[in-house]
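See structure below.
When a residue number appears, it is its place in the shown sequence, counting from 1. In listed order, ligands and their atoms are each counted from 1. This structure is a prediction, so every number in the text was calculated from the model and none was measured.
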Amino acid sequence: MTAPLILAVPSKGRLQDNVHAFFSRAGMPLTQARGAREYRGALGGVEGVEVAYLSASEIAAALASGAAHLGVTGEDLVRENIHEADSRVALLEKLGFGHANVVVAVPQAWIDVRTMDDLDDVASHFHGRTGRRIRVATKYVNLTRGFFARHGIIDYRIVESAGATEGTPASGTAELIVDITSTGATLAANALKVVDDGIILKSEANLVASLTATWSPGALSAARAMFDRLGAEKRARTMREVRTRFADCDASLVDEAVAAYRCVAPFGGPTSSGMLTLHCPPDTLHALATFLRQRGASMVTVGPIEYVFAADNPLYEALEARLGQ
Ligand SMILES: Nc1ncnc2c1ncn2[C@@H]1O[C@H](COP(=O)(O)OP(=O)(O)OP(=O)(O)O)[C@@H](O)[C@H]1O
Ligand SMILES: O=P(O)(O)OC[C@H]1O[C@H](OP(=O)(O)OP(=O)(O)O)[C@H](O)[C@@H]1O
Ligand SMILES: [Mg+2]
């Protein structure tokens with residue numbers, strides 16, 4: 001038996017449920033064989049995949065070192081924890097959940113501080129006046145250093161914070177913070193505000209591939225099968241199936257529908273009896289159904305699509321391109 005493909009997924013926290021739902025939707029449920037405390041599992045529907053349950057930041061480290069081939073984690077953790085991330089991992093796809101911004105936030109009472117330039121002035125004055133550097137509490141040490149450097153801010157020092165970062169200005173252990181925010185509720189509850197141009201990164205969960213892992217033929221073929229299913233589910237999710245049949249349905253009418261409603265005619269058509277199948281995005285569905293009836297259809301049916309398997313496998317092609325094969 002060849003070595004399996006290692007897929008690292010979050011073992012806890014808010015990403016976990018989303019990741020399970022993401023793979024289940026594509027027909028590949030994550031199975032934790034020996035109960036919830038078991039940190040290794042499998043992926044239903046694909047041979048040769050071993051699932052490693054890790055924390056979101058451990059996933060970034062495992063992808064960087066090559067201990068995992070694929071993983072799902074936040075871009076913030078990839079950028080923070082992996083030096084020169086783009087040379088060691090490939091961010092293959094944004095997954096549409098785990099949205100959070102990494103931001104610079106200061107006390108709301110600092111009414112004169114709106115921009116990073118204002119913050120630079122405050123930092124210099126603070127240093128001049130007190131002889132101490134302004135303190136920035138964060139667990140995003142590398143992202144903070146890079147962002148502050150790009151803004152030419154040097155009069156500061158980082159206070160590493162493992163949790164409850166938003167509380168540090170009030171408790172007197174830092175003057176400002178860099179942390180993630182999604183609804184903004186935690187910042188507001190701590191009387192903090194985001195600096196206008198202080199958004200360091202707009203993060204969300206990504207499907208990430210390791211470029212340092214050993215990609216054996218077995219691991220590649222497991223990835224190809226997994227990505228085929230993920231791609232088929234994604235194509236299906238963005239389209240509805242539209243079916244109709246009427247005598248006046250001809251090729252030029254199909255061309256017109258395709259151009260006007262961003263639909264596709266996956267099987268060409270119509271057939272000699274006027275039977276037509278289209279795939280159409282949800283937002284133009286009603287307009288398409290109206291158009292078809294105006295042209296003679298007496299009935300148009302619309303249904304969900306579970307999978308659209310096509311000739312290409314864009315995720316796998318993206319992986320191959322990054323592996324240089
Ligand atoms: N409030 C939030 N809303 C959306 N995404 C978030 C939020 N907090 C964290 N994330 C994202 O989830 C990922 C994991 O974050 P983190 O390491 O804090 O784990 P968690 O899911 O919050 O679990 P826990 O904090 O309980 O360990 C990160 O990529 C982060 O950007
Ligand atoms: O903008 P909001 O919607 O308020 O979300 C932001 C908060 O969510 C996360 O904390 P989490 O709940 O994960 O606790 P943690 O600090 O223990 O990770 C993050 O660290 C922020 O504190
Ligand atoms: Mg958290």
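Not a single heavy atom of Gly163 sits closer than 4.0 Å to an atom of ligand 2. Residue contacts with ligand 1 include Lys139, since one of its heavy atoms falls under 4.0 Å from the ligand.
Counted by atom type alone, Tyr140 and Asp76 present one or more donor-acceptor pairs between their side chains at under 3.5 Å. With hydrogens and angles left out, the side-chain atoms of Ser210 and Thr212 include a donor and acceptor closer than 3.5 Å.
Looking at Ser203 next to ligand 1, no N or O pair under 3.5 Å apart turns up. Considering backbone and side-chain atoms together, Lys139 places no N or O closer than 3.5 Å to any N or O of ligand 2. Annotation: Thr73 places no N or O atom under 3.5 Å from an N or O atom of ligand 1; distance criterion only. At under 3.5 Å, a nitrogen or oxygen of Asp76, whether backbone or side chain, sits near a nitrogen or oxygen of ligand 1. Residue contacts with ligand 1: Glu75 is placed with no nitrogen or oxygen under 3.5 Å of a nitrogen or oxygen of the ligand (distance criterion only).
Within the listing of ligand 1, atoms 23 (O), 24 (P), 26 (O), 27 (O) sit less than 4.0 angstrom from a heavy atom of Lys12. Below 4.0 Å from some heavy atom of Leu15 lie the following atoms of ligand 1, by number and element: 12 (O), 13 (C). Close approach of ligand 1 to Gly13 is summarised as follows: ligand atoms under 4.0 Å from at least one heavy atom of the residue are 21 (O), 23 (O). Each of the atoms 29 (O) of ligand 1 lies under 4.0 Å from some heavy atom of Gly74. Atoms of ligand 2 found under 4.0 Å from any heavy atom of Thr183 (numbered from 1 in listed order, with element): 1 (O), 2 (P), 3 (O), 4 (O). Atoms of ligand 2 found under 4.0 Å from any heavy atom of Glu166 (numbered from 1 in listed order, with element): 21 (C), 22 (O). Close approach to Arg14 involves these atoms of ligand 2, each under 4.0 Å from a residue heavy atom: 11 (P), 12 (O), 13 (O). Which parts of ligand 1 touch Gly98 is read off a 4.0 Å heavy-atom cut-off, strictly below it: atoms 5 (N). If you number the atoms of ligand 1 from 1 as listed, the ones under 4.0 Å from a heavy atom of Ala56 come out as 14 (C).
Comparing Glu204, Glu80, Arg14 by heavy-atom distance to atom 8 (N) of ligand 1, the nearest is Arg14. The heavy atom nearest to atom 5 (O) of ligand 2, out of those in Gly184, Ala185, Ser182, is found in Ser182.
Taking the side chain as every heavy atom from C-beta outward, Asp118 and Asp112 never approach each other to under 4.5 Å. Put simply, the side chain of Leu30 reaches to within 4.5 Å of the side chain of Leu43, judged on heavy atoms. Looking only at side-chain heavy atoms (C-beta outward), Glu80 and Lys139 stay at 4.5 Å or farther from each other. Under the 4.5 Å side-chain criterion, counting only non-hydrogen atoms from C-beta, Val208 is not in contact with Ile59.
For Ser272, the side chain to side chain donor-acceptor pair (under 3.5 Å) criterion is met by no residue, not counting sequence neighbours.
What you find for Leu15 and Ala56 is that their closest heavy atoms are CD1-CB, 4.3 Å. Residue Arg133 comes nearest to Tyr156 through the heavy atom pair CD-O, 3.5 Å, listed as atom of the first residue, atom of the second, then distance.
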Decide yes or no on side chain to side chain donor-acceptor pair (under 3.5 Å) for Asp117 and Thr115, but give the supporting numbers first.
CA-CA 5 Å; Asp117 272 350; Thr115 66; 5.2 Å; no
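Ion pairing between a basic and an acidic side chain is recognised when a charged N comes within 4.0 Å of a carboxylate O; Glu75 and Lys202 show no such pairing.
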